[in-house]
Amino acid sequence: PAMPKQGMRVDLHHKELDLGAWQAVFAQLAPDSESGAPDVFPHLVNLRLKVDKGVLWGNQIDQLTYTLQQLESQRWRMDISSDQMAGTIHWQEDSQGVIQGEVQAALQRVHWQRQVGAPAAQKEELDPVVKEFELQLPSINLTIDDLRVDEWRLGRLHVQGRKQAE
């Protein structure tokens, strides 16, 4: 039998988790390729996160199971399953971790319920995420079979986005 890939495997289960707060921690721990500083942790090859109740960008996510696994050298697969969202995303990276080619995202459902009461706080929480993606958004082929926002049942959505040459 083949030896398992070398690297870090993480398996977490928690009752409640604020995923947005953890994004800041992960961003600080990510290696900075320009500085040449060593990685803080071994290379991640597998992550599984189970959360009974989570919050992401001010929205509640219930019964979340999130897995991220390195399939081959630079090929990745992410699976997400929750009461609000389910699907699979595939992508390929170069040796520096930059996404190459097109991200393939096939989601069975996205049921997004906007939270009432703190739109300014939600905007502040999203601003760093949006700024990062403005610079790094790859080409994507996205399909959502059942899209709902608040009480609106929007049905099937298919989007093809192409990264413009720099």
Side-chain angles (χ1 to χ4, degrees), residues 9-30 44-71 74-93 97-166:
R9 291 170 175 15
V10 179
D11 193 346
L12 301 169
H13 185 203
H14 207 278
K15 283 195 170 289
E16 293 187 25
L17 188 64
D18 182 345
L19 300 165
W22 278 98
Q23 283 183 316
V25 172
F26 290 135
Q28 289 177 356
L29 295 175
L44 179 69
V45 294
N46 190 289
L47 168 69
R48 184 175 72 155
L49 174 65
K50 293 185 74 142
V51 178
D52 296 337
K53 181 179 172 183
V55 176
L56 179 62
W57 301 325
N59 290 284
Q60 185 169 321
I61 299 176
D62 300 309
Q63 302 305 313
L64 170 68
T65 299
Y66 171 87
T67 58
L68 175 67
Q69 58 186 327
Q70 187 176 20
L71 301 175
Q74 267 85 30
R75 284 193 47 231
W76 290 88
R77 174 183 174 139
M78 183 198 71
D79 294 284
I80 186 167
S81 176
S82 72
D83 291 351
Q84 293 80 9
M85 181 183 292
T88 301
I89 301 173
H90 294 268
W91 70 93
Q92 177 107 14
E93 297 178 350
V98 176
I99 294 175
Q100 299 298 302
E102 187 175 75
V103 173
Q104 298 291 324
L107 304 176
Q108 288 77 42
R109 70 176 168 277
V110 174
H111 299 172
W112 206 253
Q113 187 69 39
R114 292 180 292 178
Q115 298 297 312
V116 179
Q122 287 177 358
K123 183 184 181 314
E124 287 175 14
E125 192 175 337
L126 278 173
D127 280 347
V129 175
V130 170
K131 286 177 185 170
E132 178 180 343
F133 284 126
E134 283 177 345
L135 300 175
Q136 301 177 22
L137 192 63
S139 295
I140 188 167
N141 183 3
L142 167 68
T143 301
I144 302 173
D145 293 329
D146 181 13
L147 176 61
R148 300 178 192 182
V149 178
D150 294 331
E151 71 279 355
W152 301 313
R153 293 176 179 243
L154 302 171
R156 183 177 171 86
L157 172 72
H158 184 88
V159 175
Q160 287 189 301
R162 299 286 173 241
K163 182 176 184 176
Q164 292 183 346
E166 296 178 26

Assess the side chains of Q108 and D146: does a donor N or O sit below 3.5 Å from an acceptor N or O?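 No pair is found: no donor N or O on one side chain lies under 3.5 Å from an acceptor on the other.
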[atom1]-[atom2] distance between [X] and [Y], expressed to the nearest 0.5 angstrom:
X: H111; Y: L154; atom1: NE2; atom2: CG; result: 10.0 Å
X: I89; Y: I140; atom1: CD1; atom2: CD1; result: 6.5 Å
X: L147; Y: H158; atom1: CG; atom2: NE2; result: 14.0 Å
X: S82; Y: K50; atom1: OG; atom2: NZ; result: 12.5 Å
X: Y66; Y: R48; atom1: OH; atom2: CZ; result: 14.0 Å
X: L157; Y: I144; atom1: CG; atom2: CD1; result: 5.0 Å

Could you check whether any side-chain heavy atom of [X] comes within less than 4.5 Å of a side-chain heavy atom of [Y], counting everything from C-beta outward?
X: I61; Y: V51; answer: no
X: Q63; Y: D52; answer: yes
X: L17; Y: L64; answer: no
X: H90; Y: L71; answer: yes

What closest approach, in Å, do [X] and [Y] show between heavy atoms, and which atom pair accounts for it?
X: K53; Y: D62; value: CG-OD1, 4.0 Å
X: E16; Y: H14; value: O-ND1, 2.6 Å
X: E93; Y: W91; value: OE2-NE1, 3.1 Å

Check the surroundings of atom CZ in R162: do more than 12 heavy atoms from other residues, nucleotides or ligands lie under 6.0 Å from it? yes
More than 12 non-hydrogen atoms from neighbouring residues, nucleotides or ligands closer than 6.0 Å to CZ on R109, yes or no? yes
Looking at S139 and K163, would you say the former's side chain and the latter's main chain have a donor-acceptor pair under 3.5 Å? yes
Test salt bridge (charged side-chain N to carboxylate O under 4.0 Å, His left out) on R156 and D145 and set out the steps. CA-CA 4 Å; R156 183 177 171 86; D145 293 329; 2.4 Å; yes
Start with the C-alpha distance between D79 and R77, add both sets of side-chain angles, then the distance that settles salt bridge (charged side-chain N to carboxylate O under 4.0 Å, His left out), and finish with yes or no. CA-CA 7 Å; D79 294 284; R77 174 183 174 139; 2.7 Å; yes
